[in-house]
Structures are given as C-alpha cells and as structure tokens.
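Quick notes on the structure that follows.
The basis for the numbers below is simple: all heavy atoms, side chains too, and nothing from hydrogens, waters or symmetry mates. Predicted model only: the values in this text are computed from it and were never measured.
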Amino acid sequence: MNLELRHLKVVCAIAETGSVTKAASQLGLAQPALTAQLQRIERTLGGPLFERDRRGARPTALGELVLARARVLLPAMKGLQDEAARLAGATGVDTMSRYRIGALGGPIIGGMVSRLAQAQPEAQITTHASYYVDDLANMVLAGKLDYAQVGVCGDAFPSADYGLIWQTIAIDGICVLMPDDHPGSKGADVDLAELASESWVAATGDGCFGDCFAAACARAGFTPRRMLESDVRGCVDMVESGLALALCQGTFRPPPGLTSRPLRGAPLRWRLVLGWHPESPAAHSSDKLMVMAQEAYQEVVERNPDFVEWMADYPQLGVTGSLV
C-alpha cells in the first residue's frame, strides 16, 4: 500500500482526539473501519504509531515522526489546492461564466443575483449564507467563493489580513424596530437617549457592532439594560411580543404591526461592502458586480420614502464608491 494524504489525516485525527473512537466520529467513519485502516498504515510504515490502552491512544516515537511530517505536508497541500482553485481559469477575460457569491443576508444579495441573471442568463450563479464575515472572507481566500457581500460597523472595514479588496456599496443608518404603537414611532426619527429603559435584541454576527452600540448608548448617557442575540426571525418575534426593541438596517422591511425609525443623528451606521481576491477572475468583473450591488441597495431603499427623506440630512449615508 502506498501512503497517501488521507492516511496522514487519519494519523493526525487520532493524535488530536487521543482516541481511535473519537477520531472515527470526527472523520465520519465506523470505528472498526478506522482501526483496520490504522493497521494497514502501520504495516506500510513498519511499526506501531500509537500506544493504545484504556486511557486512549498516545503516539510512539515512530508516530511522533510521522505526525511531525504530516503537520508540514497537510497544510502545504491544502495551500496548494486553495491557490490552484483560486487561480484556475484566471485568463483576464472580463466576463465570467460562474459566479459564487457569499452574503451575510439582507436585501442586496437578491437584487444582485436578479440583475446578474438578467445580464448573463447562461451564467451559473450560486449563493452561500453565513452570519460571519470571517467565514465568507476565508472562503473567498480559499477559492470557494468569488465574492463576499458583508456588513461591518460604519467606521470600520473587514480586516486587511484577509488580503482581499473591499469596496463600499453603501453606508446605512441604523434604525430601531418597534411596535407601531410605541411612543418612539411618532416622529421621523428617535433619540437613542429616549430609549434608555428598553431592552434590546440584535441579529447574530461577528465584528464590533455590540461594542459600537454600547459606546453609542454611553454617549447618550446610559448603559443598555439587556442586549439579546438571535436570528432575524427571533428578533422580530421578540419585538412583536414586547420583550425588546431591535436594531436593524434602514433597508429592512418591517412586517405588519411593526415599524422602524432611524436613530436621530445617525450615531450608529452599517457599512455594506463587497469583497474579492485581487488576483482572481472575480477581479475582472468586480466593477460590474459593484454597480449591480449599488443598484440593488438603491432599489430597496427607495421602497421606504420616509427613510430616503431622512437620509437627505445625512450626506455621509447612502451609496458611495470609496475603494480600499
């Protein structure tokens, strides 16, 4: 039997979990099958790789040698595969035939996909959803996605450590989702200080938004009583039940019985960005995708004339073209 990368993965899994049974579960294999595979690997290498007893599996001297080499080879091979996937087909052609777009959610992705499908009916378009910028950025870096459409606090950008290009689609003013009969719904906007006694809920995600909200509350003279976290449906449910108010983007469309009001003075902002790898085929189509993303944002915003009128007093909000 020739030793293959999958065999090195087996050895690493057993060492990391300290148990053949746990390694089998991690790898999605039956325990007897993994035991048989380990025995074949040991025969190929000429000796036992692990000492096994009731306390688990511990590497032998030979096992330590194999592990040391595997921990170099496996990441190197993964890097080669990722680099090949990212650069495959990079011919400088402006029109792609396949678009893989990841997004945190929200209304922009639907408008982008719709416009892309109309512009290139023959193109293969797939989408991937995640709550986390880090997940989507790493998938772009690994060549598994072409673009990542994400959001971050208005004064921030996704980390430069990803090595991606991030272009701003628009900057949204943060709004408060509340029942129609809430006192804060009477005006065009609401002062954050007037909501000091409320409990809050926001959608799951990463980044500094929770810290930014706490800082905005501190500037308004209070500490938020409670900050809950849920998915979008859970946030809506909590607002409908009167348990909490929710933070949302200006592009969010409230269900019947709820309304949204922007925060007076725009103390919180949400930057919508599109990212891609500068050396990938996606870079050649990035201008086209940016235009589609900005058109999609504008289309959604215009469904809320009150919000459009409110944004007129805040020229830093809305569509922008700044590139980083």
Pick out which of N304, D172, L258, V236 makes a side chain to side chain contact (heavy atoms under 4.5 Å, CB included) with F252. V236
Tell me whether [X] contacts the main-chain N or O of [Y] through its side chain, where contact means a donor paired with an acceptor under 3.5 Å.
X	Y	answer
Q149	L272	no
S285	A282	no
E42	L49	yes
R98	Q124	no

Please tell me whether T126 and R100 have a donor and an acceptor in their side chains that are separated by less than 3.5 angstrom. no
If we ignore angles and hydrogens, is there a donor and acceptor under 3.5 Å between the side chains of K22 and Q31?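 Absent: no donor and acceptor within the cut-off.
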Quick one: [atom1] on [X] to [atom2] on [Y], what's the gap to the nearest 0.5 Å?
X	Y	atom1	atom2	value
H182	L177	NE2	CG	11.0 Å
E240	M178	CD	CE	14.5 Å
L73	L80	CG	CG	12.0 Å
Q316	M311	CD	CE	10.5 Å
I125	D146	CD1	CG	11.0 Å
R6	L74	CZ	CG	13.0 Å

Minimal non-hydrogen separation, [X] against [Y], with atom names:
X	Y	result
Q26	A13	OE1-CB, 3.6 Å
W166	A137	CZ2-CB, 4.2 Å
T168	Q294	O-NE2, 3.7 Å
P48	T60	O-OG1, 2.8 Å
V133	G151	CG2-O, 3.9 Å
I108	A293	CG2-O, 3.9 Å

Would [X] end up clustered with [Y] when hydrophobic side chains under 4.5 Å apart are linked, directly or stepwise?
X	Y	answer
M290	M292	yes
L247	L228	no
V201	L243	yes
L38	L5	yes

Ring pair (Phe, Tyr, Trp, His ring centres under 6.0 Å) with F222: which residues, sequence neighbours excluded?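 F222 satisfies ring pair (Phe, Tyr, Trp, His ring centres under 6.0 Å) with no other residue.
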Check the surroundings of atom CZ in R58: do more than 12 heavy atoms from other residues, nucleotides or ligands lie under 6.0 Å from it?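 Enclosed: over 12 neighbouring heavy atoms sit under 6.0 Å from CZ of R58.
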Close side-chain approach of [X] and [Y], heavy atoms under 4.5 Å:
X	Y	result
Q37	H7	yes
M139	H128	yes
S286	Q167	no
Y132	V150	no

Just do the side chain to side chain contact (heavy atoms under 4.5 Å, CB included) check on V113 and Y99 with the steps written out, would you? CA-CA 9 Å; V113 170; Y99 296 85; over 6 Å; no
Test V319 against I169 for side chain to side chain contact (heavy atoms under 4.5 Å, CB included), laying out the working first. CA-CA 6 Å; V319 170; I169 299 167; 5.8 Å; no
Between R115 and E295, is there a salt bridge with N-O shorter than 4.0 Å? yes
Salt bridge or not for R55 and D53, using N-O below 4.0 Å? yes
Donor-acceptor pairs are to be reported for all side-chain atoms of residues 260-268 against protein atoms at under 3.5 Å, with residues two or more places apart or in another chain.
residue: R261; atom: NE; partner: S185; partner atom: O; Å: 3.1
residue: R261; atom: NE; partner: G187; partner atom: O; Å: 2.8
residue: R261; atom: NH1; partner: T259; partner atom: OG1; Å: 2.8
residue: R261; atom: NH2; partner: S185; partner atom: O; Å: 2.9
residue: R264; atom: NE; partner: D189; partner atom: OD1; Å: 2.8
residue: R264; atom: NH2; partner: D189; partner atom: O; Å: 3.3
residue: R264; atom: NH2; partner: D189; partner atom: OD1; Å: 3.2

When you look at R253 and R303, which way does the side chain to side chain contact (heavy atoms under 4.5 Å, CB included) test go after all the steps? CA-CA 9 Å; R253 285 180 282 178; R303 296 173 186 163; 3.0 Å; yes
Take the angle between the ring planes of Y147 and W276 and call it parallel below 30°, perpendicular above 60°, tilted in between. perpendicular
Students often mix this up, so state it plainly: with edges at 30° and 60°, are the rings of Y314 and W310 parallel, tilted or perpendicular?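 Aromatic pair Y314/W310 classed tilted.
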Dump the intermediate steps for side chain to side chain contact (heavy atoms under 4.5 Å, CB included) on C217 and T223, then the final yes or no. CA-CA 6 Å; C217 292; T223 300; over 6 Å; no
